[in-house]
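Predicted model, so just to flag it, every value in this text is computed and none were measured. Lettering of chains follows the sequences in order, A, B, ..., and the numbering in each one begins at 1. Computation of the quantities below employed the complete heavy-atom set of this structure, encompassing side-chain atoms and omitting hydrogens, waters and symmetry-equivalent molecules.
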Amino acid sequence: MDDLLAGLNPAQREAVTTVEGPILALAGPGSGKTRALTHRIAYLIRAGRVAPWQIVAVTFTNKAAREMRSRLEVMLSEPQVNRLAVGTFHALCARWLRHDVAVMGQYDRNFVIFDTSDQQAVIKRALRDLELDEKRWKPGPIHYLISKAKNDLVLPDKFPMRTYEEEIAGRVYERYQQILVENNAMDFDDLLLITHRLFNRYETVLEKYQQQYRHVLVDEFQDTNMVQYELTKMLAAGYGNIFVVGDLDQSIYSWRGADYRNVLRFREDYPDHKLIRLSQNYRSTETILTAAQHVIRQNRHRLENELFTERGQGPKICIVEAYNEWEEAKFVADEIERLQLEQAISPGEVAVMYRINAQSRILEETFVSRSMPYLLVRGTRFYERKEIKDALAYLRLIHNPEDSISLGRIINVPARAIGQKTINDLERWAFELSITPWQAIQQLVTDDEVGQPGADDGDAPSGKLAAVAAAPFKTRARLALVEFGRMMNLLINAKSKMSLPDLFDLTLARSGYKNFVNDHTPEGDERWENLLELRRVAEEFGSLEGDEALALFLERVALVSDVDALVEEGAATAMLTLHTAKGLEFPVVFMVGMEEGIFPHSRSFHDAEQMEEERRLAYVGMTRAKDRLYLTRAFRRSNYGFEELTLPSTFLADIPANLIDEVSRRQRVRSAVEYGVDRPVQSGSGWKQAATSSPTTAATGYTIGDAVYHQKFGEGTVISVEREGNEEYVQVAFPNQGIKKLATSYAPLARR
DNA sequence: AATGTGTTCTTTTTT
DNA sequence: AGAACACATT
């Protein structure tokens, strides 16, 4: 047992060995909480006489789950580790639902998980069904409201209707949910919500899990939402052994429904809990840790947890201003090469982090043009490719033929003479018969076999006396549908008779997709390569029985996250958003785009809570660095195609001057001739001063006719003013430069 | 049905 | 500036 406790500090040891009751571990960045968590699990099994299958551990990502498993394999035996329930809330819920959802009567166990684009498609269909203006109502914002409601356990009948938008969203919500049920499909939120309902309404099911899981462990507790909190509570209600780890300062997912107050709620709901503070940071140098602490300290809503490190001072933090985003990327690349040469630091030890994905493009192009190795950490990107989505749509349809979204996606891909008109006819006909489009196709197939009694050959049914149920297809369209139906039936029958990779091959061959892709162009080759890559994922499930393999494969594929793509110990520099960086660490970290409007993002300016979250995100980013931290900024940057001057991020102002590298502060990277000619209104005396005069607080409330001054376009006149939420947009006429639309919170614009 | 042209939106962050 | 989408043309 000693090997489990060796090398742990007293707080970690307490977290590992306190077996009974509710425990809240406040774990600062780099404080070895993953270590505490894994050792605790091993300890429970080896010392606490708990069976592996009696433990459920919730991680934030699949990657974290995988890592926890592999760490545990060192301490336990492999079969033991296999019996542990380790995964994200979404993955665990999917598994429980697969098992028990049938009792609810609404879904069967072959339900599919709709990804973001499927969800958008459902919203669009709901809008169409409700005859709402698809131009006016955008799927994105509507889905955002629906998702928020689901995360807060709000059902359609309780949906708030305070604004017109909410009223619309409420109506869409209801139809949206109906469509999901009709398709035997769930979105990400449903995985949690339906599990919650299952546990709530079917006591025997809940009791089964409550009795099974004697220990419930949850990582990243500050990023749980309402449903997740309730699920945790329900599961732990059996034995009361609930262990949660979190850090309020690292809560960065409120926009996804996460609520850091769940940590505070926990303290109230379990008054006899034990509180453990993990305060020693094993990751970062003192310089980095102190700087990060100075940034996070500005927040009001926090639970103070003073951290310390014994790693020593280390190099100072470099704050670098480049001329524009290209120069910024060039600086990053140059510096990585320099570190490799002078400090023997491998590019694989470096990460470049940014606030928004769009920032990656310029970095990528820079790295490509210099042939520098990099890894763009965006695991979901692969699954956004057309050929991958098409292939998956076929497989999903085989798994769950009621999935009309997938059906619509591939019914005519590759082209098989089923045009838009035929599809419309099919949908209308199915609607009239109150069956799904898939069932309608099946009807056509059956009719065809018995000599088309219901089908109307030749001319379309024109007479008013024609039965409602008469199929409205001409021969050619009908035959095309019948052929498609037969092809799919063949694949569905094959499903349980062969391994998943074989089914994969058969599907691509019989559907004609293989030939469709293999068109002997370079793009075709690339698409085929991608399909082979997908097949490799399928091979991992090759040993399982056909049905089960397909279910697990589709589940895996639906729940991949961005970090999942990150392979350890690579030789390539990682490029990732600050959000995906959570939980990771790198010897060298570059945070690029440290500018007002980018980071903190302009969408957060209006709300103090959101600004605090931006700050937490800065804290998360900075504390990813072990040894070296670079904060870079572009003096001017192009947005939406036009260039604007920037101001340094307010976060830079909170870093004490004595922690900043003098050289980096003075020698700003410059190369363009114009540089210095049109400096923004800031005295050159340092970051602090510049950052405090953020443009966000600059004049708003313009009126038509105002004379204004823009730093790039010069003098102009306001010709229109409009408000969108909290943003104010003005159109300004500039002599000789035309009319520009500007966001007043963003543009360097002032009244004259 | 496949290609071309124009228009509109995009930029938070993701399971 | 680019992508995604809609519409129009062959």
Euclidean distance, atom CG of residue D189(A) to atom P of dT14(B) [Å, nearest integer]: 16 Å
For atom NZ of K330(A), decide whether the heavy atoms of other residues, nucleotides or ligands shown that lie under 6.0 angstrom number more than 12. no
When we call it a touch if two heavy atoms are under 4.0 Å apart, what does Q119(A) touch: a base, just sugar-phosphate, or nothing? nothing
Spacing of D607(A) atom CG relative to dT13(B) atom C1', expressed in whole Å: 15 Å
Ignoring backbone atoms, test whether T116(A) places a side-chain nitrogen or oxygen under 4.0 Å from the OP1 or OP2 oxygen of dT15(B). no
Just by distance, with hydrogens left out, do E220(A) and Q222(A) show a side-chain donor and acceptor under 3.5 Å apart? yes
State whether N225(A) places a side-chain N or O below 4.0 Å from either non-bridging phosphate oxygen (OP1 or OP2) of dT15(B). no
Passing option when T646(A) is tested against R633(A), R636(A), E325(A) for side-chain hydrogen bond (donor to acceptor under 3.5 Å, both in side chains): R633(A)
Classify S638(A) by what it touches in the nucleic acid, base, sugar-phosphate, or nothing, heavy-atom distance under 4.0 Å. nothing
Could you give the CE-to-P distance, from M611(A) to dT13(B), as a whole number of Å? 18 Å
Within the 4.0 Å heavy-atom criterion, would you say N62(A) contacts the bases, only the backbone, or no part of the nucleic acid? nothing
Classify the ring geometry of F221(A) against Y229(A): parallel below 30°, tilted from 30° to 60°, perpendicular beyond 60°. tilted
Mind checking what makes side-chain contact (heavy atoms from CB on, under 4.5 Å) contact with R302(A), not counting sequence neighbours? D249(A), I296(A), R297(A), N299(A), E304(A)
Is the closest side-chain donor-acceptor distance between Y374(A) and E364(A) under 3.5 Å? yes
Starting from P on dT14(B), measure out to CD1 on I252(A) and report it in whole angstrom. 9 Å
Looking only at the aromatic ring of each residue, does the gap between the centers of Y253(A) and F60(A) stay below 6.0 angstrom? yes
What integer distance in Å separates Y253(A):OH from dT14(B):P? 6 Å
Applying the 5.5 Å / 30° rule, does W255(A) stack onto the base of dT13(B)? yes
Quick one: R66(A) CZ to dT15(B) P, roughly how many Å, whole number? 12 Å
K63(A) NZ to dT15(B) P, straight-line distance once rounded to whole Å: 13 Å
Every protein N/O lying under 3.5 Å from an N/O of nucleotides 1-11 of chain B:
residue: dT11(B); atom: O3'; partner: R603(A); partner atom: NH1; Å: 3.4

